[in-house]
Amino acid sequence: VQLQASGGGLVQPGGSLRLSCAASGNIFRIHGTGWYRQAPGSQRELVAARTSGGGTHYPDSVKGRFTISRGNTKNAVYLQMNSLKPEDTAVYYCNADITYKSGSYKRMDFWGQGTLVTVSS
């Protein structure tokens, strides 16, 4: 199983970006999903989480600006980021709790490789 994140780039303050995360492999079910970010010199922090039932959670720093969603392709996860600020600059990572088949069924937490978002004028 692999998670592939994409969609990062350079954007001006106030702009928008949409990050994508594609899960591949012998996946049986994707449970909870999330997006995290890590700025230079800082710890990795959660910016969006979605339960398998569709419930979402956002920290106050991004609430009302970021939206996590699952795609029509059921193994895709997105992060829509609006009204971006310079302090949103970081490497963004997707995360998923996945049940997959490798011989028997197993359940594990997987991480994507990270995609850089830079908010600057």
Side-chain angles (χ1 to χ4, degrees):
V1 174
Q2 288 188 328
L3 297 183
Q4 181 72 37
S6 62
L10 174 63
V11 62
Q12 292 188 339
S16 298
L17 277 178
R18 188 194 198 203
L19 305 184
S20 300
C21 180
S24 61
N26 203 4
I27 295 169
F28 174 71
R29 181 172 295 159
I30 297 178
H31 308 282
T33 56
W35 286 91
Y36 292 73
R37 68 186 180 190
Q38 187 166 20
S42 300
Q43 291 188 330
R44 190 172 296 190
E45 61 175 351
L46 175 72
V47 296
R50 185 184 187 280
T51 68
S52 57
T56 57
H57 168 77
Y58 306 93
D60 288 343
S61 58
V62 308
K63 195 174 292 183
R65 301 188 297 122
F66 289 12
T67 303
I68 185 171
S69 63
R70 291 282 298 273
N72 291 330
T73 303
K74 64 176 183 176
N75 290 344
V77 182
Y78 303 103
L79 182 68
Q80 178 67 42
M81 305 185 294
N82 299 326
S83 302
L84 283 162
K85 305 175 181 179
E87 52 263 43
D88 294 319
T89 295
V91 177
Y92 284 71
Y93 299 89
C94 58
N95 170 267
D97 176 13
I98 297 175
T99 294
Y100 62 100
K101 192 169 183 183
S102 177
S104 61
Y105 285 99
K106 300 173 185 174
R107 183 170 175 173
M108 216 177 114
D109 225 30
F110 290 89
W111 290 88
Q113 85 286 4
T115 184
L116 177 62
V117 173
T118 303
V119 185
S120 174
S121 54

Any chain of hydrophobic side-chain contacts (each under 4.5 Å) joining Val11 to Val47?
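Yes, Val11 and Val47 fall within the same hydrophobic cluster.
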Taking Leu46 as the starting point, is it possible to reach Val62 by hopping between hydrophobic residues whose side chains are less than 4.5 Å apart?
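In one cluster with Val62: Leu46, no.
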Give every residue pair that meets the ring-ring contact (aromatic ring centres under 6.0 Å, His included) criterion with at least one member in residues 42-66, sequence neighbours excluded.
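Non-adjacent pairs meeting ring-ring contact (aromatic ring centres under 6.0 Å, His included): zero.
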Provide the full list of ring-ring contact (aromatic ring centres under 6.0 Å, His included) pairs with a residue in residues 100-121, sequence neighbours left out, each pair given once.
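Residue pairs passing ring-ring contact (aromatic ring centres under 6.0 Å, His included), neighbours aside: Phe28-Tyr105, Tyr36-Trp111, Tyr100-Phe110.
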Using every non-hydrogen atom in the two residues, find where [X] and [Y] come nearest and quote the distance to one decimal.
X	Y	value
Ala90	Leu116	O-CD1, 3.6 Å
Ile68	Ala48	CB-CB, 3.8 Å
Ile30	Ala23	CD1-CB, 4.0 Å

Full working for side-chain contact (heavy atoms from CB on, under 4.5 Å) between Val117 and Leu19:
CA-CA 9 Å; Val117 173; Leu19 305 184; 4.0 Å; yes
With sequence neighbours excluded, tell me which residues meet side-chain hydrogen bond (donor to acceptor under 3.5 Å, both in side chains) with [X].
X	result
His31	Thr99
Arg44	none
Asp60	Lys63

Taking everything shown except Glu45 itself, do over 12 heavy atoms lie less than 6.0 Å from its CD?
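For Glu45, atom CD is crowded (more than 12 foreign heavy atoms under 6.0 Å).
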All side chain to side chain contact (heavy atoms under 4.5 Å, CB included) counterparts of Ala22, not counting sequence neighbours
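Here no residue qualifies.
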Heavy-atom distance under 4.5 Å between the side chains of Ile98 and Leu3, does that happen here?
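Yes, at least one pair of side-chain atoms sits under 4.5 Å.
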Determine whether Val1 and Ile27 make a side-chain contact, defined as any pair of heavy atoms from C-beta on separated by less than 4.5 Å.
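Side-chain contact under 4.5 Å: yes.
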Pairs satisfying disulfide bond (SG atoms under 2.5 Å apart), at least one member in residues 82-121, at least two apart
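Disulfide bond (SG atoms under 2.5 Å apart) check on residues 82-121 returns Cys21-Cys94.
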Going by salt bridge (charged side-chain N to carboxylate O under 4.0 Å, His left out), name the pairs with one or both residues in residues 21-31, residues two or more places apart or in two chains.
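Listed once each, the pairs would be none.
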Which pairs pass salt bridge (charged side-chain N to carboxylate O under 4.0 Å, His left out) with one or both residues in residues 107-121, sequence neighbours excluded?
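Non-adjacent pairs meeting salt bridge (charged side-chain N to carboxylate O under 4.0 Å, His left out): Asp97-Arg107.
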Would you mind listing every side chain to side chain donor-acceptor pair (under 3.5 Å) that reaches into residues 82-94, with sequence neighbours excluded?
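Only Ser16-Asn82, Arg37-Asp88, Arg37-Tyr92, Arg65-Asp88, Gln80-Asn82 qualify under side chain to side chain donor-acceptor pair (under 3.5 Å).
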Residue pairs involving residues 112-121 (criterion side chain to side chain donor-acceptor pair (under 3.5 Å); sequence neighbours excluded):
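For residues 112-121: none.
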Roughly how far, to the nearest 0.5 Å, is CG of Asn26 from NZ of Lys101?
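So the gap between those two atoms works out to 7.5 Å.
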